[in-house]
Colleague: 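I'd like to ask you about the structure that follows.
All chains are named by letter (A, B, ...) in the order of the sequence lines, taking the proteins before the strands, and each is independently numbered beginning at 1.
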Amino acid sequence: VTVTPPAPAPAPEIEETYSLRSTLYERSRGFFVPFAATVLAFFIGGLVVLITGHNPITAYRAIFEGAGFNWPYQWLTGQDTTASGRDLQQTLRAATPLILAALAVAFSFRCGLFNIGGQGQYWVGFIFALLVGTHLEGTPRPLHVTLCILAGILGGAFWGGIAGFLRATVGAHEVITTIMLNWIAIYVGKWLFELDGPLQGAAPSLPRSEIINDSAILWIIWNPYLHAGILIAIVVLFIYTLLLNRTTLGYEVRAVGFNAEAARYSGIGVRKNYFLALAISGAFAGLAGTVDLVGVKHAVDQSDFDTNFVAFTAIAVALLGRNTAVGIFFAGLLFAGLSVGTSSRNLDPEIFEPALATDLATMIQALVIFFVGADLLIVYIWRLRRHLRLQRAQPAEEPAPS
Amino acid sequence: VIDRYRNFRTVASVGIALGVAAFILTLPPFTIRTTLIPIIFGLAGLALGLAALSRGERRLGGFAVAIGFLGTIGGLWAQGVDQDTLEAVITGGLVASTLRFATPLAYAAMGGIFSERSGVVNIGLEGMMLTGAFFAVWGSIWSGSWVVGVLTAMISGGLLALIHGVFSIHLRADQIVSGFAVNLLALGLTGYLYSSIYPDGTPTEKVDRVPTLEEAFGFLGWVPGADLSLLVWAMFLVVILSFVVLFKTPIGLRIRSVGEHPRAADTVGISVYGVRYAAVVTSGVLAALGGAFLSIGFTGRFAENMTSGRGYIALAAVIFGKWRPGWAFVATLLFGFGFALAIPLQREADISSNLISTLPYVLTLIAVAGVIGRSIPPAAVGRPYVKQ
């Protein structure tokens with residue numbers, strides 16, 4: 001009995017793209033492309049680890065446990081969860097500003113704009129909230145926290161709004177203006193809190209701000225680390241979805257993002273929406289800074305301005321999460337885990353030096369962005385795999401799966 | 001109508017020049033110490049600007065009004081400042097310093113022009129510079145020769161650009177996203193390699209630095225600026241070459257046609273992908289040269305994220321210079337001046353160095369906001385081309 005071998009599969013090439021892409025997006029609405037991109041990025045990151053003489057599997061495992069992701073397993077099997085619980089709290093705490101700042105990127109993306117200025121908006125929001133937090137002594141705690149959050153939102157919206165205004169009026173490209181605004185915010189921040197700076201705190205020899213009042217500090221919901229910011233982030237994820245999908249504003253923003261010209265013809269004010277999208281986007285980033293202030297930091301060191309780049313990581317989060325609330329939540333957890341798991345506190349230097357691991361995390365983020373952006377590549381590899389399988393099947397004369 | 005329009009553009013331009021002169025004349029080496037000069041020049045500039053404005057030349061006219069006003073204020077302010085202080089800030093060194101700061105920007109900007117003229121947005125200039133800066137140091141230490149350092153920098157920048165090319169040309173990823181990923185990748189990769197190759201933070205071996213013109217060719221020691229690095233001098237060549245290649249050769253015509261109308265270029269037999277790959281790789285090589293200047297041409301060492309946004313400033317210079325090498329070079333000089341001025345200003349004027357450090361970024365912001373409306377990018381920039 002002979003089985004006729006299947007016709008040789010055509011060489012995998014990327015042909016007509018429109019249908020290809022639409023089916024791809026159909027599929028990627030679920031899980032496929034982001035998941036494949038993440039796997040691919042970790043794989044290549046592992047290769048780099050291997051080349052530089054470390055064992056990638058033990059390194060990844062150490063990062064995984066350093067992030068506290070083994071907590072559910074330990075909790076279910078009734079093991080001691082003290083250490084992993086603390087690690088997981090840190091991860092959740094780090095995920096909060098990441099998720100919020102990622103919403104900033106995502107919201108502007110939906111309007112067809114790329115807001116790289118999250119970091120600047122984060123700092124301006126942070127500083128506005130700090131001003132409210134260090135003043136208004138004796139305000140009841142719920143009110144004071146709320147006021148801080150409002151101030152932070154306002155600050156972020158103001159900084160994002162500058163870029164939006166420039167885009168709307170003179171057409172200055174937001175990628176460049178937001179990056180310039182980042183550096184301006186960073187240096188102005190360093191100036192405010194430097195020695196003898198305008199907002200330097202009480203200690204004369206420390207380039208550090210005043211500490212916010214106790215009444216402005218966010219509640220702890222899981223001792224000792226986790227504050228209520230993660231709940232705020234989850235609420236804001238819902239608000240983001242509702243705002244985009246259930247309001248006129250969201251509809252207009254998306255319409256401009258799909259096709260600005262078509263939106264203009266249907267009477268939607270494109271410029272107005274550019275401004276609004278960047279201002280609202282800035283508000284999300286400003287909120288991220290505020291939550292960091294009232295939840296974790298309570299004050300700011302001058303050196304923080306050189307080391308904190310949470311909003312840049314958030315760009316990777318937004319891209320990996322495909323600008324959807326659910327996607328951003330999980331992508332935020334992933335990258336927060338990556339950064340907590342590679343921090344010098346949680347990673348055993350015997351296994352993998354934290355200094356290397358931090359840069360490895362940056363590289364993995366970059367690779368994820370590459371691969372999520374290049375969905376065609378994922379399809380290509382997917383097809384190549386099938387093609388190879390068919391080829392393997394032929395010599396053995398097995399019927400290929402149809 | 002066109003003549004009249006042109007006329008008032010000239011009027012406005014003269015107004016701008018007068019406004020600038022109002023300020024410049026009060027500074028060394030002129031240092032005219034009378035309040036009359038800035039007031040006359042500045043107000044004349046302002047008046048010409050108003051005249052142009054009222055005849056419909058809104059942008060240049062508005063610019064002239066603003067410059068005239070600022071020039072007057074600046075000139076009057078300079079009158080009140082001690083002459084010695086002024087001379088300490090505005091020195092001959094300022095020109096050299098401006099050139100040094102402008103050089104990495106100019107390399108990257110020329111690279112950006114090649115890439116964008118062929119229709120590929122290159123946000124990744126920053127990362128390509130950073131990679132160049134790292135591999136220049138690495139190559140220089142490894143071989144003991146700066147020539148090898150510069151070569152490894154160029155190769156690494158070209159390779160990184162090739163990645164950007166594959167993603168944005170063949171895989172049709174969003175070019176801005178891909179460029180951003182290039183930057184992140186470069187940040188992670190250079191940091192990773194730096195801390196794994198030199199675990200103690202700084203390399204102990206000697207870094208062979210790029211010599212100055214005088215060190216390289218002793219007989220040219222009399223040339224003004226002979227103490228500038230060879231890479232600064234090479235930068236002038238690159239700017240001129242970029243102009244010639246882009247606007248005076250068939251290659252340039254091909255690059256520009258691919259950036260303006262890829263379908264038409266494809267129809268007449270130009271390989272759109274080939275031209276784009278070549279242009280993107282060229283941009284990476286040039287940006288890496290800029291990075292190499294930062295590390296082995298200037299400071300002699302590498303630091304993590306040492307480019308600190310220069311790639312983006314170069315990109316702003318490209319836009320400010322309307323995608324033309326000459327004007328983009330002028331823009332990099334402007335930004336370089338911003339960086340250069342910050343040093344003596346914070347020494348003399350007792351302004352916080354952090355506050356002064358915002359100067360180049362503010363300048364870039366103003367430049368982009370003020371000029372971009374008239375700056376028209378290549379028509380097909382940012383759009384992947386699909387072969388038929």
Colleague: Would you sort out whether B:E304 and A:D359 count as a side chain to side chain contact (heavy atoms under 4.5 Å, CB included), showing the intermediate values?
Modeller: CA-CA 10 Å; B:E304 256 189 72; A:D359 289 315; 3.6 Å; yes
Colleague: Return the option, out of B:I197, B:L185, B:L187, with the maximum number of heavy-atom pairs under 4.5 Å with chain A.
Modeller: B:L185
Colleague: A side-chain contact here means heavy atoms from C-beta on lying under 4.5 Å apart; do B:N354 and A:Q302 qualify?
Modeller: yes
Colleague: Non-hydrogen atoms of chain A under 4.5 Å away: do they reach the side chain of B:V166, the backbone, both or neither?
Modeller: neither
Colleague: Tell me which pairs pass side-chain hydrogen bond (donor to acceptor under 3.5 Å, both in side chains) where either residue lies in residues 180-190 of chain A, with sequence neighbours left out.
Modeller: A:K190-A:D306
Colleague: Heavy-atom pairs under 4.5 Å with chain A - which of B:F180, B:Y361, B:Y192 has more of them than the others?
Modeller: B:Y192
Colleague: Taking all non-hydrogen atoms of both residues into account, name the closest pair between B:L184 and A:T362 and its distance.
Modeller: O-CG2, 3.6 Å
Colleague: At a 4.5 Å cut-off on heavy atoms, which part of A:V49 comes close to chain B: side chain, backbone, both, or neither?
Modeller: both
Colleague: Taking the side chain as every heavy atom from C-beta outward, state whether A:M180 and B:V362 have any pair of such atoms under 4.5 Å apart.
Modeller: no
Colleague: Highest number of heavy-atom pairs under 4.5 Å with chain B: which of A:L360, A:D196, A:I184, A:I364?
Modeller: A:I184
Colleague: Name the option with the most non-hydrogen atom pairs under 4.5 Å to chain A; the candidates are B:I176, B:D174, B:L359.
Modeller: B:I176
Colleague: With respect to chain B, which residue among A:T169, A:I369, A:L356 yields the maximal number of heavy-atom pairs within a distance under 4.5 Å?
Modeller: A:L356
Colleague: Are there over 12 heavy-atom neighbours, none belonging to A:F165, within less than 6.0 Å of that residue's CZ?
Modeller: no
Colleague: How far apart are the closest heavy atoms of A:A366 and B:A181, and which atoms are they?
Modeller: CB-O, 3.4 Å
Colleague: Among B:S357, B:S168, B:S353, which has the most heavy-atom pairs under 4.5 Å with chain A?
Modeller: B:S357
Colleague: Check whether any side-chain heavy atom of A:L166 sits under 4.5 Å from a side-chain heavy atom of B:L365, and report yes or no.
Modeller: yes
Colleague: Holding to side-chain hydrogen bond (donor to acceptor under 3.5 Å, both in side chains), I want the full list of residues that pass it with B:E126, two or more places apart in sequence or in another chain.
Modeller: B:T307
Colleague: Between A:F370 and B:I163, does a side chain to side chain contact (heavy atoms under 4.5 Å, CB included) hold up when you go through it step by step?
Modeller: CA-CA 10 Å; A:F370 267 129; B:I163 296 179; 3.8 Å; yes
Colleague: Go through the atoms of B:Y312 and report whether side chain, backbone, both or neither lie under 4.5 Å from a heavy atom of chain A.
Modeller: both
Colleague: For chain A, find which of B:S196, B:P360, B:S195, B:S308 contributes the most heavy-atom pairs closer than 4.5 angstrom.
Modeller: B:S308
